[in-house]
Amino acid sequence: MNSEWNLFRYFETEPTARKYLTACYDGMGFEHAERLAFHQSSRFLFLWKQARQYYTTAAKADLSIQPLLLFYGCSHLLKGMLLTRDPSYPQNSRVLQHGVTTRKLKRNTYLLLEDEVRPQKEGFFALLAQLFHLSPMQDRYSVHDLFSSMPVVSDAYSTLSEQPKHWLQLDWHECEPPSKQASNQSSNRQQWLHVAFPEITDGSLAYSPQTFIQYINRVSPGDLQLELRWQDGNSKQLLLPRSSFLQLDRHPLFRSHKHRLFFWNSSPDSLPLPDWASHYLLLYLLSMLCRYETEWWGELVLSHGLAERFLIEFFLEHHQSAYPTFIMKQIRQNNSSSWQGSAFDNDDE
């Protein structure tokens, strides 16, 4: 099990859940924060507890039911995180629906890599899309979109599907601050990092340094405050303080995973889905196959005759490792003041 579960256990008692939610709501300026936290604390603690139980059971479960367990575990993690930001959740019964759909009856010659998932205008996914500013939301997402959006999974997907991969791993190392003045201004003389982009003749990395920098700045979220400096101003070499490195996941062109940094090298009109969305949508699709396509799913699980089995198992293993860490990052980034003085007041990333 991912070590983040030891931290999530902090939420599994009523006093600690209420204390944490009170700090969250108070930090966001809600009136009567303590009262709101009192009303949500039981829901909050049971969401984390059930999420942990879903993942614990899934880790031991057969592949025949594992996606179903992980989908509900993933949903519970997202709902728990949502409660740290929205004390009114759930506002109505509509937001309790999954918010996505896919064809329940597949063709006889069903191919997973040709399937798709369609978001709905209402429901849990639409609520998350609003929260995470997923705009514009497409009317459908192909399995290609979902697998290729995850950097750790994209290598395996590219090998199986023979599709080009867009995520590239970047080299980075610690370096001296760009100037003594910057070092003196940086709190606690924090470390700086040097990130080098490879020389490639396709995608955005084929741009001139000036155009490349403009492109990265243009697609950056408006509320993302990153201290980025480009070495010599005429090369694709980035300097940034470690604190900014930890926030790069919020930029659509960057992902970090276990101290590896990835960059999305594609055309400007093609951005990857964020991790929360690609995992949720793909788990939804796989869970539907478990429930409604038992013949195809049984063949996949029992016969070892479908190449997709490797890809599915690789994704499910990655999800169990990565998704709790992603949720913990989201909680830390958006409620940092609520961690002060708690057992979570540290950073191991």
Side-chain angles (χ1 to χ4, degrees), residues 58 61-71 74-75 98-120 125 129 134 137-169 202-203 252 255 257 262-267 269-323 326:
D62 186 80
L63 179 61
S64 60
I65 61 171
Q66 195 177 55
L68 189 60
L69 294 168
L70 290 176
F71 172 70
C74 166
S75 299
H98 298 319
V100 289
T101 186
T102 186
R103 290 189 301 269
K104 290 184 179 180
L105 296 178
K106 310 296 184 182
R107 304 184 185 91
N108 292 333
T109 55
Y110 174 71
L111 295 175
L112 173 67
L113 301 185
E114 295 181 0
D115 208 347
E116 62 186 22
V117 182
R118 300 183 181 187
Q120 298 175 316
F125 187 80
L134 179 59
M137 186 167 63
Q138 300 179 22
D139 61 351
R140 66 189 67 192
Y141 292 98
S142 67
V143 171
H144 167 76
D145 295 329
L146 304 181
F147 276 121
S148 61
S149 289
M150 297 175 284
V152 177
V153 181
S154 62
D155 278 349
Y157 171 69
S158 179
T159 300
L160 179 62
S161 66
E162 299 183 353
Q163 295 285 338
K165 65 176 184 177
H166 299 301
W167 287 109
L168 301 176
Q169 186 170 342
D202 62 354
R255 294 283 194 282
H257 179 71
F262 299 89
F263 177 76
W264 177 262
N265 183 49
S266 186
S267 61
D269 57 350
S270 173
L271 293 177
L273 271 170
D275 283 343
W276 71 265
S278 53
H279 283 245
Y280 180 85
L281 293 175
L282 190 52
L283 281 176
Y284 172 80
L285 174 60
L286 296 178
S287 71
M288 293 293 284
L289 291 174
C290 286
R291 283 178 280 180
Y292 297 106
E293 293 298 319
T294 51
E295 183 178 357
W296 185 89
W297 190 253
E299 182 181 352
L300 175 105
V301 172
L302 298 176
S303 73
H304 298 269
L306 296 176
E308 290 92 339
R309 176 180 176 131
F310 164 73
L311 187 59
I312 291 171
E313 289 185 313
F314 189 93
F315 162 68
L316 295 177
E317 182 178 348
H318 168 65
H319 173 81
Q320 294 175 76
S321 170
Y323 212 73
F326 164 74

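Start at 1 with the first residue, then count along the sequence. Values in this document were obtained by computation on a predicted structure and should not be read as measured data.
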Next item on the list: Over 60° means perpendicular and under 30° means parallel, so classify the ring planes of Tyr157 and His144, tilted if in between.
Entry: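 Judged by the thresholds at 30° and 60°, the geometry between His144 and Tyr157 is tilted.
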
Notebook entry, point to check: Aromatic rings Trp264 and Trp167: how do their planes relate, parallel, tilted or perpendicular, breaks at 30° and 60°?
Noted result: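 The arrangement is perpendicular - the two ring planes meet at more than 60°.
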
Is there a side-chain contact between [X] and [Y] (heavy atoms, below 4.5 Å)?
X	Y	result
Pro274	Leu134	yes
Thr101	Val117	no
Arg118	Asp139	no
Phe147	Ser154	no
Leu281	Leu285	no
Tyr141	Leu146	yes
Ile312	Leu112	yes
His318	Val153	yes

Looking at every non-hydrogen atom in both residues, tell me the closest pair between [X] and [Y] and how far apart they are.
X	Y	result
Val100	Pro119	CG1-CA, 3.9 Å
Glu116	Thr102	O-OG1, 3.0 Å
Gln66	Ala58	NE2-O, 2.8 Å
Leu316	Leu63	CD1-CD1, 3.6 Å
Trp296	Leu289	CZ3-CD1, 3.8 Å
Trp297	Leu286	CZ3-CD2, 4.3 Å

[X] side, atom [atom1]; [Y] side, atom [atom2] - distance, nearest 0.5 Å:
X	Y	atom1	atom2	value
Leu113	Gln163	CG	CD	9.0 Å
His98	Ser75	NE2	OG	6.5 Å
Asp155	Ser148	CG	OG	12.0 Å
Glu299	Arg309	CD	CZ	12.0 Å

Counting the benzene-type ring for Trp, do [X] and [Y] have ring centres under 6.0 Å apart?
X	Y	answer
Trp276	Phe125	yes
His279	Phe315	yes
Tyr280	Phe71	yes

Notebook entry, point to check: Looking only at atom types and distance, does a side-chain atom of Ser287 sit under 3.5 Å from a main-chain N or O of Tyr284, one as donor and one as acceptor?
Noted result: yes

Notebook entry, point to check: Any salt bridge between Arg255 and Asp275, counting N to O under 4.0 Å?
Noted result: yes

Check: Is there a side-chain hydrogen bond (donor to acceptor under 3.5 Å, both in side chains) between Ser142 and Asp145 once you walk through the steps?
Finding: CA-CA 5 Å; Ser142 67; Asp145 295 329; 3.2 Å; yes

Next item on the list: Using the side-chain hydrogen bond (donor to acceptor under 3.5 Å, both in side chains) rule, take Asp115 and Tyr110 through it: C-alpha gap first, then chi angles, then the decisive distance, then the call.
Entry: CA-CA 8 Å; Asp115 208 347; Tyr110 174 71; 2.8 Å; yes

Note to self: Does atom CD (Gln138) have a neighbourhood of more than 12 heavy atoms from anything else shown, all under 6.0 Å?
What the structure shows: yes

Check: Taking only residues two or more places apart in sequence, or in another chain, which ones meet Asp62 in a side chain to side chain donor-acceptor pair (under 3.5 Å)?
Finding: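 By the side chain to side chain donor-acceptor pair (under 3.5 Å) rule, Asp62 matches Ser64.
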
